[in-house]
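The structure appears right after this line, and notes come after that.
Lettering of chains follows the sequences in order, A, B, ..., and the numbering in each one begins at 1.
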There are 2 protein chains.
Amino acid sequence: MPKRTDIHRCACTVLRQAARVATQHFDKALAASGLRISQLSVLTTLSYVGPKTINELAEVMVLDRTTLGRNLRPLQREGFIAIEAGKDDRRTKKLVLTKKGSSVALKAMDSWGDAQTSFEKAVGLENAIALSKLLRQVVKADYPEK
Amino acid sequence: MPKRTDIHRCACTVLRQAARVATQHFDKALAASGLRISQLSVLTTLSYVGPKTINELAEVMVLDRTTLGRNLRPLQREGFIAIEAGKDDRRTKKLVLTKKGSSVALKAMDSWGDAQTSFEKAVGLENAIALSKLLRQVVKADYPEK
DNA sequence: TTGACTTATGCGTATATGCACTCATTATGC
DNA sequence: GCATAATGAGTGCATATACGCATAAGTCAA
């Protein structure tokens with residue numbers, strides 16, 4: 001079965017495994033806040049970049065726009081974000097962080113800090129720093145179409 | 001909003017982003033084979049470790065057992081794996097790679113090799129090697145419960 | 001102005017992910 | 001042997017992910 005090397009060296013599979021492990025670690029730490037890391041990242045990114053359309057925010061977050069669109073649902077339902085119709089362009093929808101959303105995210109950041117610190121402890125601070133750098137390269141790299 | 005440092009340095013978020021990017025890269029390369037990287041990893045792991053129960057395979061793959069259970073459905077439907085009742089312990093279900101599954105996986109490995117090579121090219125071979133090593137540490141690390 | 005093209009978003013479908021709870025079966029203690 | 005505990009797997013629920021298609025709205029040229 002193995003060919004080139006075997007799939008245990010698959011960059012993608014180990015990336016997915018690590019993402020699962022990290023997600024569970026962070027989600028557990030965030031549980032009390034009622035937010036998942038995936039949701040907290042939406043709120044904090046929105047806070048950082050300011051009101052944006054779905055397409056714009058999806059681009060920033062390196063996320064498919066249809067995925068982001070659906071991920072917004074729980075956040076809107078809980079009143080953490082508001083979705084306003086675009087003024088100039090009526091096709092667009094402006095995503096705005098509400099006061100409630102800002103407050104919840106701020107509280108969650110305490111737990112996030114704990115999770116980040118314990119992550120850095122678990123894998124080693126130097127390793128965590130090197131890892132983040134490499135991961136940003138993976139995100140930014142160009143993958144030619146065949 | 002930002003607290004400790006800001007969430008743009010969140011180890012988990014960048015991990016998830018990179019996993020998404022890599023998954024799309026590999027899934028595109030594998031499209032012709034009809035398999036996704038998530039599915040190919042099940043088949044190759046099963047091929048490597050031999051017949052296993054759901055719990056056992058889930059453990060090896062660092063995947064929740066209920067997730068694996070559901071992920072098996074398409075593979076079973078397509079006849080790539082067979083699920084046999086356990087002989088000794090009737091609670092268990094042995095997962096077996098079929099000839100068809102083995103054949104499909106073997107073909108897909110060509111495309112996987114292309115994807116892996118182009119990934120290594122995109123991020124740099126040295127970086128890819130260092131990254132895999134770090135990711136394995138993330139997977140294996142111990143994350144104490146608070 | 002109107003027709004053609006582009007763009008922003010939604011929806012249908014399918015898979016991926018994991019928690020809480022349940023059921024069936026096995027193991028254990030007495 | 002039997003009551004109880006432990007274990008393997010399934011289900012319900014909710015969220016995450018992205019592709020293809022559809023729709024609405026803006027842009028631009030003739």
Side-chain angles (χ1 to χ4, degrees), chain A residues 12-13 15-32 34-43 52-59 61-78 80 83-95, chain B residues 12-13 15-28 30-32 34-43 51-59 61-78 80 83-95:
Chain A
C12 188
T13 298
L15 245 173
R16 291 171 62 88
Q17 283 183 353
R20 287 196 297 266
V21 169
T23 298
Q24 286 194 51
H25 171 64
F26 277 77
D27 278 355
K28 267 177 194 158
L30 289 174
L35 290 175
R36 301 180 177 201
I37 186 62
S38 55
Q39 300 173 325
L40 179 59
S41 71
V42 173
L43 300 183
K52 286 277 177 291
T53 67
I54 292 180
N55 276 0
E56 290 167 345
L57 189 60
E59 164 124 24
M61 299 189 67
V62 193
L63 192 58
D64 186 90
R65 71 172 181 81
T66 68
T67 299
L68 176 60
R70 285 186 227 261
N71 291 359
L72 294 176
R73 253 103 96 140
L75 299 174
Q76 186 184 23
R77 178 186 357 111
E78 300 297 326
F80 299 154
I83 304 184
E84 307 169 352
K87 295 182 181 70
D88 306 329
D89 188 337
R90 280 183 301 171
R91 289 172 302 182
T92 65
K93 297 188 172 178
K94 280 288 179 186
L95 308 176
Chain B
C12 187
T13 299
L15 244 174
R16 291 170 62 88
Q17 282 183 354
R20 287 197 295 267
V21 168
T23 298
Q24 287 192 50
H25 171 64
F26 278 77
D27 277 356
K28 267 177 193 157
L30 289 174
L35 290 175
R36 301 182 176 200
I37 185 62
S38 54
Q39 300 173 325
L40 179 58
S41 71
V42 172
L43 301 183
K52 286 277 176 293
T53 67
I54 292 181
N55 276 1
E56 290 167 345
L57 188 60
E59 163 124 24
M61 298 189 67
V62 193
L63 192 57
D64 186 271
R65 76 176 175 77
T66 68
T67 299
L68 176 60
R70 286 187 231 260
N71 291 358
L72 294 176
R73 254 103 97 139
L75 299 175
Q76 187 184 23
R77 180 188 352 116
E78 299 298 327
F80 299 154
I83 304 184
E84 307 168 352
K87 295 182 182 70
D88 306 329
D89 188 337
R90 279 183 302 170
R91 292 171 300 185
T92 65
K93 296 189 173 178
K94 280 288 180 187
L95 308 177

Subject >> Nearest-angstrom distance from the residue atom CG of B:Leu68 to P of D:dT11 >> reply: 14 Å

Subject >> Touch class at under 4.0 angstrom, heavy-atom based, for B:Arg65 against every strand present >> reply: base

**OP:** Determine the minimum heavy-atom distance between B:Glu56 and B:Lys94, stating which atoms define it.
**Re:** OE1-NZ, 4.0 Å

Original post:
Between A:Asp64 and A:Arg36, who's closer to the 5' end of DNA chain D by nearest nucleotide?
Top reply: A:Arg36

**OP:** Provide, to the nearest angstrom, the distance between the CZ atom belonging to B:Arg70 and the P atom belonging to D:dA14.
**Re:** 13 Å

Original post:
Any idea which heavy atoms bring B:Ala22 and A:Leu15 closest together, and the distance?
Top reply: CB-CD1, 3.6 Å

**OP:** Could you tell me whether the side chain of A:Arg20 and the main chain of B:Val62 form a donor-acceptor pair under 3.5 Å?
**Re:** yes

**OP:** Measure from CD1 on B:Ile83 to C1' on D:dG10 and round the result to the nearest Å.
**Re:** 12 Å

Original post:
Of all heavy-atom pairs between B:Arg36 and B:Leu30, which one has the smallest distance, and what is that distance?
Top reply: C-CD1, 3.9 Å

**OP:** Would you mind telling me which residue lines up with the more 5' stretch of DNA chain C, A:Asn55 or A:Val21, judged by nearest nucleotide?
**Re:** A:Asn55

**OP:** Using a 4.0 Å heavy-atom cut-off across all strands, classify A:Thr53 as base, sugar-phosphate, or nothing.
**Re:** sugar-phosphate

**OP:** Could you tell me whether the side chain of B:Asn71 reaches within less than 4.5 Å of the side chain of B:Leu63, counting heavy atoms only?
**Re:** yes

Subject >> For chain A, the stretch of DNA chain C it reaches, first to last nucleotide, under 4.0 Å of its heavy atoms >> reply: C:dT7 to C:dC19

Original post:
How is A:Thr67 classified with respect to the nucleic acid when contacts are heavy atoms under 4.0 Å: base, sugar-phosphate, or nothing?
Top reply: base

**OP:** Take the protein atom CG of B:Leu72 and the nucleotide atom P of D:dG8, then report the distance between them rounded to whole Å.
**Re:** 16 Å

Original post:
Side chain of B:Asp27, backbone of B:Ile37: donor and acceptor closer than 3.5 Å?
Top reply: yes

Subject >> Side chain of A:Gln39 (C-beta onward), nearest among D:dT17, D:dA9, D:dT15 >> reply: D:dT15

Original post:
Between the side chains of A:Thr66 and A:Asp64, is a donor N or O closer than 3.5 angstrom to an acceptor N or O?
Top reply: yes

Original post:
Which whole-number value in Å describes the distance from B:Glu56 CD to D:dA9 C1'?
Top reply: 13 Å

Original post:
Does A:Asn71 put a side-chain nitrogen or oxygen below 4.0 Å from OP1 or OP2 of D:dT15?
Top reply: no

Subject >> Heavy-atom pair with the smallest gap, counting every atom of B:Arg16 and A:Ser38 >> reply: NH2-CB, 3.7 Å

Original post:
To the nearest angstrom, how far is B:Glu84 atom CD from D:dA9 atom P?
Top reply: 13 Å

Original post:
Hey, does B:Met61 have a side-chain heavy atom less than 4.5 Å from the side chain of B:Ser41?
Top reply: yes

Original post:
At under 4.0 Å between heavy atoms, what does B:Thr66 touch on the DNA or RNA strands: base, sugar-phosphate, or nothing?
Top reply: base

Polar atoms only, N or O, under 3.5 Å: list the protein pairs with nucleotides 23-25 of chain D and their distances.
unit_1, atom_1, unit_2, atom_2, d
D:dA25, N3, A:Arg91, NH1, 3.4

